[in-house]
Chemist: 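Following this message is one structure expressed as structure tokens.
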There are 2 protein chains.
Amino acid sequence: MTAPQDARTGLLRADRHSEAQLRSIAAALNLFADHGVSGTSFQMIADATGVTKAAVYHQFKTKDALVLAVAEVALGPLEAALDTAEAEPSRTRARAVLLTRVIDLAVERRRWVRALQGDPVMVRLLGSHAPFLDLIHRVYALLLDQDADRASNVRTAIVSAAIGGAIVHPLVADLDDETLRTELMAVTRRLFDLPDTARKQDPARSRSS
Amino acid sequence: MTAPQDARTGLLRADRHSEAQLRSIAAALNLFADHGVSGTSFQMIADATGVTKAAVYHQFKTKDALVLAVAEVALGPLEAALDTAEAEPSRTRARAVLLTRVIDLAVERRRWVRALQGDPVMVRLLGSHAPFLDLIHRVYALLLDQDADRASNVRTAIVSAAIGGAIVHPLVADLDDETLRTELMAVTRRLFDLPDTARKQDPARSRSS
DNA sequence: GTCTATATGAAGATAGAC
DNA sequence: GTCTATCTTCATATAGAC
């Protein structure tokens with residue numbers, strides 16, 4: 001991670017946002033999680049960051065632009081995980097890496113996951129946003145198997161969907177991150193027939209980059 | 001189902017709503033699914049039902065009252081499923097019945113599930129609504145085992161959460177109901193160690209037309 | 001980048017006639 | 001139950017000064 005590896009990331013470039021923009025984005029993400037996108041106004045973001053509404057409008061011309069910026073920043077780690085996974089030699093290992101990292105990310109940031117994957121405004125906006133659609137396509141290309149029977153792919157779809165569903169569910173809201181992560185990995189491995197080596201144990205860590 | 005069985009249902013009494021109210025509720029449920037609760041106005045509901053905003057306000061004094069009415073009507077079938085499940089002799093059978101019926105209900109009505117379980121306004125409102133909390137408590141009392149180890153209950157929580165997550169996920173959006181139901185049941189049975197007799201086979205019912 | 005001020009419209013809600 | 005009309009508040013957005 002010491003090398004600069006953001007050269008060709010089409011989706012997220014954190015440096016494309018100013019400090020002020022990043023403050024607004026962070027506040028918006030929290031507000032989206034609590035009130036939904038529709039329920040969050042520029043005034044609320046302004047109040048949360050201690051500036052006026054006009055200042056936020058200076059950073060983002062429209063609400064759509066703000067929502068998109070929030071999505072881009074929030075989905076940046078997913079793109080990085082995808083890059084790492086796609087670099088794996090075998091498809092099986094690539095899947096294991098992707099699922100492990102996605103679960104890690106989602107558990108750590110579960111407070112925000114609902115706003116990204118559940119909000120109808122966000123869903124509609126991302127559905128017409130090419131870079132995001134590309135990202136999703138890469139995820140599915142990795143997880144779904146062209147040669148497998150249909151039932152297998154349906155199950156894959158359900159399991160990957162289930163990860164997102166489990167994370168945002170109130171039933172697991174008071175679980176600590178480590179327990180949730182461990183159990184999600186166990187369930188995922190059981191249903192996905194992943195090798196048990198998803199989380200590497202070798203001290204060298206051998207990322208061999 | 002021919003007998004009148006709505007005598008003591010505390011949550012839902014469809015007959016407590018007028019015809020006009022039920023029209024508004026149905027329109028609201030669809031609009032909630034598309035735009036979220038915050039993104040849906042009385043004006044939109046009025047337009048969808050062909051009346052004016054004031055007419056809708058005559059039916060529901062506040063937006064909270066409308067949202068609650070929508071939730072009550074939508075969750076009625078869940079309460080009925082719980083009644084049926086709790087009447088089963090064994091806990092194992094009760095669980096199987098509940099999960100089967102919940103999956104059936106959720107798959108058939110998946111278009112609306114997101115609005116009920118994912119919307120932050122809905123979540124907040126239901127979280128402070130005693131009859132709904134009772135309902136949820138009954139669900140968990142059936143699914144979670146007091147005598148089981150913690151890991152087992154965590155897994156139960158994750159699996160039940162996953163059902164909700166899988167249903168609303170775009171990845172399975174174009175699956176037909178029967179395939180989705182079958183695969184969800186298979187996954188649930190696999191993770192829940194349910195008996196295979198969840199769906200009765202007696203020819204008296206044999207809907208296999 | 002941030003401010004004050006302002007314009008426009010939509011949302012939540014009520015009053016009173018039919 | 002539904003209508004027209006009205007009120008208030010809020011959200012989106014812009015203009016122009018510091």
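Everything quoted here is computed from the prediction, not taken from an experiment. So that the names make sense, note that chain A is the first sequence line, chain B the second, and so on, each numbered from 1.
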Chemist: Hey, are the side chains of A:Met44 and A:Ser41 touching, using non-hydrogen atoms and a 4.5 Å cut-off?
Modeler: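 The answer is yes, as the side chains (C-beta and beyond) meet within the 4.5 Å cut-off.
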Chemist: Identify all pairs in which a protein N or O lies below 3.5 Å from an N or O of nucleotides 8-12 of chain C, and state each distance.
Modeler:
{"unit_1": "C:dG12", "atom_1": "OP1", "unit_2": "B:Lys63", "atom_2": "NZ", "d": "3.0"}
{"unit_1": "C:dG12", "atom_1": "OP2", "unit_2": "B:Phe42", "atom_2": "N", "d": "3.4"}
{"unit_1": "C:dG12", "atom_1": "N7", "unit_2": "B:Lys53", "atom_2": "NZ", "d": "3.4"}
{"unit_1": "C:dG12", "atom_1": "O6", "unit_2": "B:Lys53", "atom_2": "NZ", "d": "3.2"}

Chemist: Side-chain contact test, heavy atoms from C-beta onward, threshold under 4.5 Å: evaluate it for A:Leu133 versus A:Leu126 and give yes or no.
Modeler: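 Counting from C-beta outward, A:Leu133 and A:Leu126 never come under 4.5 Å.
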Chemist: How far apart are the closest heavy atoms of A:Leu144 and A:Ala157, and which atoms are they?
Modeler: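 Shortest heavy-atom contact: CD2-N, 4.5 Å.
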Chemist: Contact between B:Arg138 and B:Asp83 at the side-chain level, heavy atoms closer than 4.5 Å - yes or no?
Modeler: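 B:Arg138 reaches B:Asp83 side chain to side chain.
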Chemist: Any side-chain heavy-atom pair from B:His129 and B:Glu72 closer than 4.5 angstrom?
Modeler: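 Sidechains of B:Glu72 and B:His129: in contact.
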Chemist: In whole angstrom, what separates A:His58's NE2 from D:dA15's P?
Modeler: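 Those two atoms, NE2 and P, are 14 Å apart.
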Chemist: With the criterion being N/O to N/O and under 3.5 Å, what pairs connect the protein with nucleotides 16-18 of chain D, and how long is each?
Modeler:
none

Chemist: Rounded to the Å, how far apart are A:Leu66 CG and D:dA11 C1'?
Modeler: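 These atoms are roughly 14 Å apart.
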Chemist: Using atom types as modelled and distance alone, determine if a side-chain donor or acceptor of B:Arg114 lies under 3.5 Å from a backbone N or O of B:Asp119.
Modeler: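 The answer is no, because no donor-acceptor pair under 3.5 Å joins these two groups.
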Chemist: What is the separation between atom CG on B:Asp47 and atom C1' on D:dT2, rounded to the nearest whole Å?
Modeler: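 Roughly 15 Å, once rounded to whole Å.
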Chemist: Check whether B:Lys63 reaches the backbone of B:Thr40 with its side chain - one donor and one acceptor, N or O, closer than 3.5 Å.
Modeler: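 Judged by distance alone, yes, a pair lies under 3.5 Å.
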Chemist: I need the CZ-C1' distance between B:Arg23 and D:dT2, as an integer number of Å.
Modeler: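 Spelled out: CZ on B:Arg23 to C1' on D:dT2 is 11 Å.
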Chemist: To the nearest angstrom, how far is B:Gln21 atom CD from D:dT2 atom P?
Modeler: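 Going from B:Gln21 (CD) to D:dT2 (P), I get 10 Å.
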Chemist: Strictly below 4.0 Å: does A:Thr62 bring a side-chain N or O up to OP1 or OP2 of D:dT12?
Modeler: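 No, no such contact exists.
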Chemist: Going by heavy atoms in the side chains, are B:Phe132 and B:Leu68 under 4.5 Å from each other?
Modeler: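 No, too far: nothing below the 4.5 Å cut-off.
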Chemist: Counting only side-chain nitrogens and oxygens, does A:Thr52 get under 4.0 Å of the OP1 or OP2 atom of C:dT2?
Modeler: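 No, A:Thr52 has no side-chain N/O under 4.0 Å of OP1/OP2 on C:dT2.
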Chemist: What is the separation between atom CZ on A:Phe60 and atom C1' on C:dT2, rounded to the nearest whole Å?
Modeler: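 Nearest whole value for this atom pair: 15 Å.
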Chemist: Side-chain contact test, heavy atoms from C-beta onward, threshold under 4.5 Å: evaluate it for B:Leu66 versus B:Ile45 and give yes or no.
Modeler: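 They are in side-chain contact.
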Chemist: Report the distance from atom CD1 of B:Ile45 to atom P of C:dA13, rounded to the nearest whole Å.
Modeler: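 Going from CD1 in B:Ile45 over to P in C:dA13 covers 12 Å.
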Chemist: A:Gln59 side chain: which of C:dC3, C:dT2, D:dT2 is closest?
Modeler: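 Closest nucleotide to the A:Gln59 side chain: C:dT2.
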